[in-house]
Amino acid sequence: MINKSSKDLWIYRRAARVKKSQKFLLGGLIIAGLISIIRFGDWWFREEHIGNFGLFIILSMVLWYGMLRLILIWINYLGLRRPEKIPAPEGLSVAIFTTSSPGEPLSMFEKTLEACAKISYPHTTYLLDDTQDPAFRKVAEKHGAVWLELVGIPGAKAGKINAALAKTEEEFILVLDPDHIPFSNFLDEVLGFFSDPTVGYVQVSQGYYNQYRSFTAAAAAEQTYTFYGPTQMGMSGYNCAVAIGANCTFRRKALESAGGHGTGLAEDLVTAIRIHAQGWKSVYHPAIVARGLVPEDFGSFCKQQLKWARGVHEVLFDEVPKLWAKLSIWQKLSYLTIGTYYLEGFTTLIYLLIPFLFFWTGLLPAQMYFMEFLKFGFPIALISLAIYLQVQQWLCHPSHESGLHWRGMVMKFACWPVFLLGFILSILDKKIPYIPTAKQAVITKISPFAKPLLIQIFLFFITLGWIIYQRIYILSEVQILASTEITYGMLFFAFIPFLMAIFSLYAVWESGRLKVTSPWEDVKIESISAKDPSQPTQ
């Protein structure tokens with residue numbers, strides 16, 4: 001359990017305004033970072049550094065894939081903007097779509113629909129239901145929502161949205177996941193941006209209210225903080241902010257021009273790229289006007305990541321090539337960057353294997369002094385950290401979201417086998433079913449997703465034992481002295497992921513001991529504040 005107060009989560013939050021002086025400082029850091037990368041590249045690509053030529057090529061491709069992604073993230077930050085809020089015009093016709101699926105807890109819908117009923121801008125809420133449980137209809141009607149029974153519609157959530165589009169007429173549609181509890185000012189925050197007739201959708205930030213339930217929940221939330229702050233704000237500046245599965249408001253005409261809501265495991269990304277390809281603009285409004293749930297247990301988190309990894313690669317291999325000519329340069333870069341994110345499963349595997357390959361076969365991709373590597377690589381790491389901390393001033397809720405986000409990094413590492421599996425399934429064109437993310441902790445003794453981590457830890461201990469045995473009983477004193485630096489350097493590169501795996505296993509262990517709760521039952525709708533705390537009291 002993460003011990004941190006959540007008493008002020010139910011207050012409207014918005015990212016800070018972007019000042020020129022702040023962007024100037026950020027630009028200086030980015031220039032310094034680019035210089036450090038160029039300096040590192042000049043050192044890296046020296047002939048004397050080549051060990052095994054084939055392995056050096058593979059290692060270089062993996063390393064510079066990461067460097068290129070880092071550079072693109074920095075350039076994206078230069079586009080940072082926070083759009084000024086535009087008052088919502090009166091008289092717009094607005095629908096809220098939320099979907100229900102078999103197995104989802106009824107009490108969660110009770111809370112979400114109650115909150116939807118309190119949204120101040122006139123609207124109609126629709127519950128798109130395929131549970132075949134009459135209790136869901138009663139809950140919808142209790143809170144003034146229109147119940148639409150949509151059983152057996154292909155395309156999961158997106159299929160139900162498209163079926164509901166054919167049965168409704170509202171000009172604007174807010175897609176709200178059922179685990180997200182909206183604030184009363186939600187629609188007032190977004191509808192004004194549609195005054196520009198070229199805006200196809202408006203995405204707002206995602207906030208959470210169960211991130212303090214477990215290590216996994218905290219990590220899942222940490223992985224999103226920067227994305228829903230400076231990253232999306234930068235993408236919005238380049239007109240390539242993406243739609244997310246929840247909290248996105250669409251113009252009906254934009255959805256219709258794109259052939260309806262996209263289907264698939266990454267239906268939100270499919271929808272975004274198709275709408276952009278039709279020439280519509282997107283707006284990212286960095287405000288928290290709803291809070292939802294993140295997975296609380298290790299297994300549920302990994303299943304969610306597998307679904308996303310497989311779905312994102314569908315976009316990369318299917319949607320991007322078809323729509324390439326219709327996208328702007330920044331949109332192309334954005335979707336390529338997002339589409340290749342889960343290749344980190346493959347790159348992490350390469351990094352993991354290199355030390356073990358050296359210790360067991362003697363093969364070495366690169367012949368470099370470890371201290372020289374630190375000398376040229378450390379400035380990149382230091383400047384990267386400085387940039388990461390600098391952009392946190394544009395987080396939506398800095399007092400809760402700022403920090404090193406180490407749990408998020410641990411869980412990202414823990415999921416490298418999941419990312420790799422998603423990539424392999426994409427190459428083989430193997431489908432996996434769309435399964436809604438668990439809304440409550442799923443208690444199991446040990447997740448099968450933990451097995452690769454256990455193998456990695458076992459391999460580390462076996463290798464460490466072999467190294468010790470060699471240096472005590474096999475190698476001569478001269479050989480020991482000659483191999484000391486490379487041995488300890490490689491041990492360092494093997495120890496870091498070993499440590500990450502150990503922390504990951506804590507999340508696995510904790511997941512078997514969680515108490516299953518319904519966190520939405522503790523939320524008091526009447527206590528949600530739509531007032532901006534940064535504004536003076538009138």
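Along the sequence shown, residues carry numbers from 1.
- Of all non-hydrogen atoms in Val242 and Gln232, the two that sit nearest each other are O-NE2, 3.0 Å.
- With 3.5 Å as the limit, one finds no donor-acceptor pair spanning the side chains of Tyr209 and His180.
- A distance-only check finds a donor-acceptor pair linking the side chain of Ser214 to the backbone of Ala217 [under 3.5 Å].
- Salt bridge Asp429/Arg310: present, at least one basic N to carboxylate O contact under 4.0 Å.
- The stretch residues 45-60 participates, sequence neighbours left out, in these side-chain hydrogen bond (donor to acceptor under 3.5 Å, both in side chains) pairs: Trp44-Ser60.
- The ring pair (Phe, Tyr, Trp, His ring centres under 6.0 Å) search around Phe109 returns Phe136, not counting sequence neighbours.
- Judged as a side-chain hydrogen bond (donor to acceptor under 3.5 Å, both in side chains), the pairs with a partner in residues 342-353 (not counting sequence neighbours) are, in order, Glu344-Lys412.
- Residues Ala221 and Tyr208 approach most closely at CB-CD1, 4.0 Å, considering heavy atoms.
- Ser107 and Trp520 share a donor-acceptor pair across their side chains, judged by distance under 3.5 Å alone.
- A donor-acceptor contact shorter than 3.5 Å links the side chain of Gln223 to the backbone of Gly408.
- Note: Phe419 and Trp416 fail the aromatic proximity criterion, with ring centroids not under 6.0 Å apart.
- Ring-plane geometry between Phe317 and Phe423 is classed as tilted, the angle between the planes lying from 30 to 60 degrees on a 0 to 90 degree scale.
- No side-chain donor-acceptor contact under 3.5 Å links Arg407 to the backbone of Ala219.
- There is no side-chain donor-acceptor pair under 3.5 Å between Glu510 and Thr216.
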- request: Dump the intermediate steps for side-chain contact (heavy atoms from CB on, under 4.5 Å) on Arg291 and Gln206, then the final yes or no.
  value: CA-CA 6 Å; Arg291 286 194 181 271; Gln206 283 193 184; over 6 Å; no
Result block: side-chain N/O donor-acceptor pairs under 3.5 angstrom for residues 297-306, not counting sequence neighbours:
unit_1, atom_1, unit_2, atom_2, d
Asp297, OD1, Ser300, OG, 2.7
Asp297, OD1, Val442, N, 3.0
Asp297, OD2, Gly299, N, 3.3
Asp297, OD2, Ser300, N, 2.9
Asp297, OD2, Ser300, OG, 3.0

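- Listed by first then second residue, pairs satisfying side-chain hydrogen bond (donor to acceptor under 3.5 Å, both in side chains) with a partner in residues 363-376 read Trp43-Glu372, not counting sequence neighbours.
- With hydrogens and angles ignored, the 3.5 Å screen pairs no side-chain donor or acceptor of Thr263 with any backbone N or O of Ala158.
- A side-chain hydrogen bond (donor to acceptor under 3.5 Å, both in side chains) check over residues 487-496, counting only residues at least two apart or in different chains, returns the pairs Arg471-Thr487.
- Between Trp466 and Tyr469, the angle of the ring planes stays under 30°, which puts this pair in the parallel group of the 30/60° scheme.
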Contacts table for residues 378-393: side-chain donor-acceptor under 3.5 angstrom, sequence neighbours left out:
unit_1, atom_1, unit_2, atom_2, d
Ser384, OG, Ile380, O, 2.7
Tyr388, OH, Thr226, OG1, 3.3
Tyr388, OH, His405, ND1, 2.5
Gln392, OE1, Gly403, N, 2.9
Gln392, NE2, Gly403, O, 2.7
Gln393, OE1, Gln22, NE2, 2.8
Gln393, NE2, Gln390, O, 2.8

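- Lys515 meets the side chain to side chain contact (heavy atoms under 4.5 Å, CB included) test with Thr517; sequence neighbours excluded.
- Rounded to the nearest 0.5 angstrom, Asn247 CG and Asp268 CG are separated by 11.5 Å.
- Ion pair Glu104/Lys439 flagged as a salt bridge, since at least one NZ, NE, NH1 or NH2 atom sits closer than 4.0 Å to an Asp/Glu carboxylate oxygen.
- Taking the six-membered ring where tryptophan is involved, the planes of Phe45 and Phe56 are perpendicular, since the angle between them exceeds 60° and thus also 30°.
- Within the structure, the salt bridge (Lys or Arg N to Asp or Glu O under 4.0 Å) test picks out no pair touching residues 478-497 (sequence neighbours left out).
- With sequence neighbours excluded, the residues satisfying side chain to side chain contact (heavy atoms under 4.5 Å, CB included) with Leu316 are His313, Leu336, Thr340.
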Hey, can you pull the donor-acceptor pairs under 3.5 Å for the side chains in residues 446-465, sequence neighbours left out?
unit_1, atom_1, unit_2, atom_2, d
Ser447, OG, Phe449, N, 3.1
Gln456, NE2, Pro497, O, 2.9
Thr463, OG1, Trp360, NE1, 2.9
Thr463, OG1, Leu459, O, 2.7

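- Looking only at atom types and distance, the side chain of Glu296 has a donor-acceptor partner in the side chain of Asn210 under 3.5 Å away.
- Across all non-hydrogen atoms, the minimal contact from Pro321 to Val315 is CD-O, 4.4 Å.
- In this structure, the side chain of Thr337 engages the main chain of Leu333 through a donor-acceptor pair within 3.5 Å.
- Applying the ring pair (Phe, Tyr, Trp, His ring centres under 6.0 Å) rule to Trp406 yields the partners Phe215, Phe503; only residues at least two apart in sequence or on another chain are considered.
- For the ring pair (Phe, Tyr, Trp, His ring centres under 6.0 Å) with Phe493, the lone residue among Phe373, Phe359, Phe356 that qualifies is Phe373.
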